[in-house]
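Values below: every heavy atom of this structure, side chains too, minus hydrogens, waters and symmetry copies. Computed from a predicted model, the values in this text were never measured in an experiment.
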Amino acid sequence: MQKTATQTTPIQAGPGPSDVRPYRERLLRIDDVCFMTGLGRSTIYAKVKAGDFPSAVQLHGTSVAWRETEVDAWIAARPAVGATPPVPPAQSAKPGRAALASAMGVL
């Protein structure tokens with residue numbers, strides 16, 4: 001048997017790191033936006049109308065979607081629970097039963 005020499009060709013490298021985008025923009029449909037935010041459909045549409053939530057982009061016909069980066073930015077802008085010190089409850093003008101009982105010396 002005779003061996004034949006095979007010719008190898010160098011594998012061309014794909015796009016370099018400078019050619020790759022660090023983040024790919026995705027479009028989210030309403031169910032994904034509801035899942036990410038914890039809001040209902042009608043609440044999202046009401047907030048869009050009021051200008052409190054990013055607007056959707058038109059896909060075709062009546063189909064719309066939201067840019068994931070805009071939804072992420074909206075979520076990041078929400079204050080964390082417990083981030084601000086709690087406001088003490090206002091003193092009521094009318095004393096409660098315990099205050100009346102202690103004032104009368106019953107307790």
Side-chain angles (χ1 to χ4, degrees):
M1 275 193 183
Q2 185 179 7
K3 291 186 177 182
T4 58
T6 57
Q7 199 175 36
T8 58
T9 57
I11 298 172
Q12 296 207 353
S18 61
D19 297 336
V20 178
R21 293 188 303 184
Y23 187 84
R24 183 174 175 180
E25 181 71 61
R26 295 187 324 164
L27 295 174
L28 304 172
R29 300 300 298 268
I30 186 68
D31 291 336
D32 298 324
V33 176
C34 290
F35 179 77
M36 287 178 68
T37 61
L39 300 173
R41 299 169 75 98
S42 59
T43 304
I44 290 172
Y45 283 112
K47 286 186 170 294
V48 167
K49 188 174 183 178
D52 297 333
F53 195 79
S55 296
V57 294
Q58 189 77 37
L59 297 179
H60 63 88
T62 59
S63 298
V64 296
W66 283 260
R67 289 182 176 91
E68 184 176 27
T69 53
E70 292 179 358
V71 174
D72 285 338
W74 183 86
I75 292 170
R78 301 296 96 205
V81 175
T84 57
V87 177
Q91 294 291 333
S92 64
K94 186 176 174 183
R97 281 186 137 173
L100 287 174
S102 66
M104 295 173 62
V106 176
L107 288 179

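In this structure Arg29 satisfies the side-chain hydrogen bond (donor to acceptor under 3.5 Å, both in side chains) test with no other residue, sequence neighbours excluded.
Closest of all the heavy-atom pairs between Cys34 and Gly40 is SG-C, 3.9 Å.
Counting only residues at least two apart or on different chains, no salt bridge (charged side-chain N to carboxylate O under 4.0 Å, His left out) pair has a member in residues 48-66. Applying the salt bridge (charged side-chain N to carboxylate O under 4.0 Å, His left out) test to every pair with at least one member in residues 31-42, sequence neighbours left out, gives these pairs: Asp31-Arg41. The ring-ring contact (aromatic ring centres under 6.0 Å, His included) contacts involving residues 24-44 comprise nothing, where partners must be two or more places apart or lie in separate chains.
The hydrophobic cluster containing Leu39 also includes Leu28, Ile30, Val33, Met36, Ile44, Tyr45, Val48, Phe53, Val64, Trp66, Val71, Trp74, Ile75, under a criterion of side-chain heavy atoms closer than 4.5 Å among ILVMFWY residues, counted directly or through chains of members. Hydrophobic cluster of Val57: the remaining members, joined at side-chain heavy-atom separations below 4.5 Å, are Leu27, Leu59, listed by chain and number.
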